[in-house]
Novice: 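What follows is a single structure, and I will ask about it in a moment.
Lettering of chains follows the sequences in order, A, B, ..., and the numbering in each one begins at 1.
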Protein chains: 2
Amino acid sequence: MGTTKTEAFTATDLLLAKYAKALAHPARVAILRILLERQSCICGDIVEELPLSQSTVSQHLKELKEAGLIKGDIDGKKVCYCIDEQAWKQAQQMLQVLFSNYTPCGTNCC
Amino acid sequence: MGTTKTEAFTATDLLLAKYAKALAHPARVAILRILLERQSCICGDIVEELPLSQSTVSQHLKELKEAGLIKGDIDGKKVCYCIDEQAWKQAQQMLQVLFSNYTPCGTNCC
DNA sequence: AGTTATTATCGTAACTTTACGATGATAAAC
DNA sequence: GTTTATCATCGTAAAGTTACGATAATAACT
């Protein structure tokens, strides 16, 4: 046990859950905010903005990369991070569709 | 270890991460879709729509409740579930603000 | 070649999540 | 009051997450 029954769900729900999971830790939200803050890519020094160790930040970056939300290209000694435009827009759209699907319930049971 | 350093992050990022975490499992996305599908509250029988055991579904419902996204009021023998309008709209807005903060990077490094 | 700087990965401890069966709790139905 | 239906909770096994120090990998600099 301890494993999600992936075969039981739709591809859409799996993908949406994957994107949501990437956002499901405050450190990763903070990292994304740092990347959003700049217009350009940011080369390293994300570690200095967060009160976490270098290895922990690297691990969070890896998860964001695996979810597809960010890219990291090698640029000499440093690595250049930025938001992946396509995945970002897809996640945005999927979330927007889900959330805007809400209409307040007519019954007064809750 | 194994615990998030909550004190290190802003209240906004913690809340956003909490909402995202609620969406970070396909079963919970599926449950929310079921609740969204109806205009009214849904009394029980969510279990029958998912290929998971009753206890597992109940656990997912609990997590959605703890994140604040849904409410569950007792209605005799059954329990009446529905989306919590306020939290839903807050989550929607916070996500929308985060995602719309993106502008493609000018540099061509990635 | 040796040093320095930067990032990734490994190893590991502690905690959390996912899933299920079994058991409880509560209220309607008989 | 006993049964039935519905949902929550407990207990537990397996897997995943979070965090950090230590170590490895890579490339620039001397």
Novice: Does a donor on one side chain sit under 3.5 Å from an acceptor on the other, for T10(B) and T12(B)?
Specialist: no
Novice: Determine the minimum heavy-atom distance between W88(B) and Y102(A), stating which atoms define it.
Specialist: NE1-CB, 3.3 Å
Novice: For a quick test of reading the model: is some side-chain N or O of K21(B) closer than 4.0 Å to OP1 or OP2 of dT17(D)?
Specialist: no
Novice: Could you check whether I74(A) gets within reach of a base, just the sugar-phosphate, or nothing at all, counting any heavy atom under 4.0 Å?
Specialist: nothing
Novice: Give the rounded distance in Å between these two atoms: CG of L23(A) and C1' of dT17(D).
Specialist: 16 Å
Novice: Nearest whole Å is fine: how far is dT18(C) C1' from L64(B) CG?
Specialist: 14 Å
Novice: Want to settle it: does T3(A) or L52(A) sit nearer the 5' end of DNA chain D, counting the closest nucleotide to each?
Specialist: T3(A)
Novice: Using every non-hydrogen atom in the two residues, find where I83(B) and L32(B) come nearest and quote the distance to one decimal.
Specialist: CD1-CD2, 4.0 Å
Novice: So, for V47(B) and S53(B), which heavy atoms are closest and what is the spacing to 0.1 Å?
Specialist: CG1-C, 4.5 Å
Novice: Determine: side-chain N/O of H60(A) to OP1/OP2 of dA19(D), distance under 4.0 Å, yes or no.
Specialist: yes
Novice: Using whole Å, what does the distance between atom P of nucleotide dA19(D) and atom CD1 of I31(A) come to?
Specialist: 10 Å
Novice: To the nearest Å, how far apart are K18(A) NZ and dG16(D) P?
Specialist: 16 Å
Novice: Take the protein atom CG of D73(A) and the nucleotide atom C1' of dT26(D), then report the distance between them rounded to whole Å.
Specialist: 16 Å
Novice: List the atom of P26(B), the atom of L14(A), and the distance in Å for their closest heavy-atom pair.
Specialist: CG-CD2, 3.6 Å
Novice: Going 5' to 3' along nucleotides 4-10 of chain D, which nucleotides have protein heavy atoms under 4.0 Å from the base (write B), which only from the sugar-phosphate (write S), and which from neither (write -)?
Specialist: -BSBBB-
Novice: Please check the phosphate of dA19(D) (OP1 and OP2 only) for any side-chain N or O of H25(A) closer than 4.0 Å.
Specialist: yes
Novice: So, are K89(A) and E85(A) salt-bridged, with charged N and O less than 4.0 Å apart?
Specialist: yes
Novice: Where is the tightest heavy-atom contact between G68(A) and A87(A), given as atom of each residue plus distance?
Specialist: O-CB, 3.2 Å
Novice: When you check the phosphate oxygens OP1 and OP2 of dC20(C), does a side-chain N or O of S53(B) lie under 4.0 Å from one of them?
Specialist: yes
